[in-house]
Amino acid sequence: MKRTRRIFAILARAYPDARCELDHRGPFQLLAATILSAQCTDRNVNRATPALFRRWPDAAALARARPAEVERAIRTLGLFRTKARNLVGMAQALVREHGGRVPDTMEALVRLPGVGRKTANVVLSEAFGVPGLAVDTHVLRVGKRLGLFQAGDPVGVERELCAQLPPAQWGRASHLLIWHGRRVCEARLPRCGECALRRDCPSAREDGGAS
DNA sequence: ATCCCGAGGG
DNA sequence: CCCTCTGGAT
């Protein structure tokens, strides 16, 4: 759809620096950092990862870690019990089934503990250059306000957006929507007054809010 | 009080 | 569809 492409062109101009904000070195650390990013800000994640990766730099090391030790390293992130269990389980699965390497297919990634479609698409597009559109709460909210899709579920949204954009743009499109959702098109208080898409958004309101 | 770049389970 | 897991930031 032409409108969708125009919207992403505007976003690309507005946010030339939009990118994955998780600090990482290579596919494994990206995967780990992305798992940690659930329900907490990437700023908090980036504060915890240096010590985490210094101690457990790869899958082989993390696979042998004691979950309680990992919990202590990520305690400030919230959901630390679940995340620690998933990190160690993910690392063990990598060692057991993939020789300690991060797989580069959606099927293999979503089979790892704690890895869903969103995380898998981040890893695919960021680490492997495989086109993947990551749908999170921001993508859902911002896209709905803009009227970019009909679906209300992540899989349906992913399918619709992918159909409207060339594969080479899928990864970047994710970042642009997330970036915009965090900075301007916020959940409670969308700042329509300073939104680059004001003229193109059906939900934009003059008083600075959106539906 | 409420939210944060989710995933798993009922 | 719903719920739970979690603490830090605001």
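Reminder, nothing fancy here: chain letters follow the sequence lines and each chain counts from 1. Nothing here was measured: the structure is a model prediction, and the numbers come from that model.
One can place CD of A:E186 at 17 Å from P of B:dT2, the figure rounded to the nearest angstrom. For the pair A:R182 CZ and B:dC5 P, the interatomic distance rounds to 4 Å; values are reported in whole Å. Going from atom CD of A:E158 over to atom P of B:dG6 covers 15 Å, rounded to whole Å. Atom CG of A:L36 is separated from atom P of B:dA7 by 12 Å (rounded to the nearest Å). One atom, CG of A:L189, and another, P of B:dC4, lie 12 Å apart when rounded to the nearest Å. Here B:dT2 presents its C1' atom at 14 Å from CZ of A:R141, a figure rounded to the nearest Å. Rounded to whole Å, atom P of B:dC4 lies 12 Å from atom CD1 of A:I178. Computed from coordinates, the A:N86 CG to B:dG6 C1' distance equals 10 Å when rounded to whole Å.
Side-chain N/O atoms of A:H180 and A:E186 include no donor and acceptor closer than 3.5 Å.
Although no hydrogens or angles enter the test, the distance criterion places a donor-acceptor pair under 3.5 Å between the side chain of A:R3 and the main chain of A:D200. Proximity of a side-chain donor or acceptor of A:Q164 to a complementary backbone N or O of A:F149 within less than 3.5 Å is not detected.
Among the heavy atoms of the strands, none lies under 4.0 Å from A:T34. The residue A:T119 sits close only to the backbone: its heavy atoms come under 4.0 Å of sugar-phosphate atoms, none of a base. Heavy atoms of A:V45 sit nowhere under 4.0 angstrom from any nucleic acid atom.
Contact of the A:F80 side chain with the A:R85 side chain is not registered, since no non-hydrogen atoms from C-beta on lie closer than 4.5 Å. The shortest distance between side-chain heavy atoms of A:D153 and A:V135 does not fall below 4.5 Å.
Taking the C1' atoms as reference points, B:dC4 lies 23 Å from C:dC1, given to the whole Å. The same atom, P, is picked in C:dT4 and in B:dC5; the two are 22 Å apart, to the nearest Å. Between the P atoms of B:dG10 and C:dT6, the separation comes to 16 Å (whole Å).
Heavy-atom distances to DNA chain B give each of A:L112 and A:D42 a nearest nucleotide, and the one nearer the 5′ end belongs to A:D42.
For the pair A:K83 and A:E71, the salt-bridge criterion is not met [side-chain N within less than 4.0 Å of a carboxylate O].
Taken from CD in A:Q39 to OG1 in A:T82, the straight-line distance is 11.5 Å, to the nearest 0.5 Å.
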**Study point:** Per-nucleotide protein contact string for nucleotides 5-10 of chain C, where B marks a base within reach and S marks sugar-phosphate only (heavy atoms under 4.0 Å, - for neither)
**Key:** BBBSSS
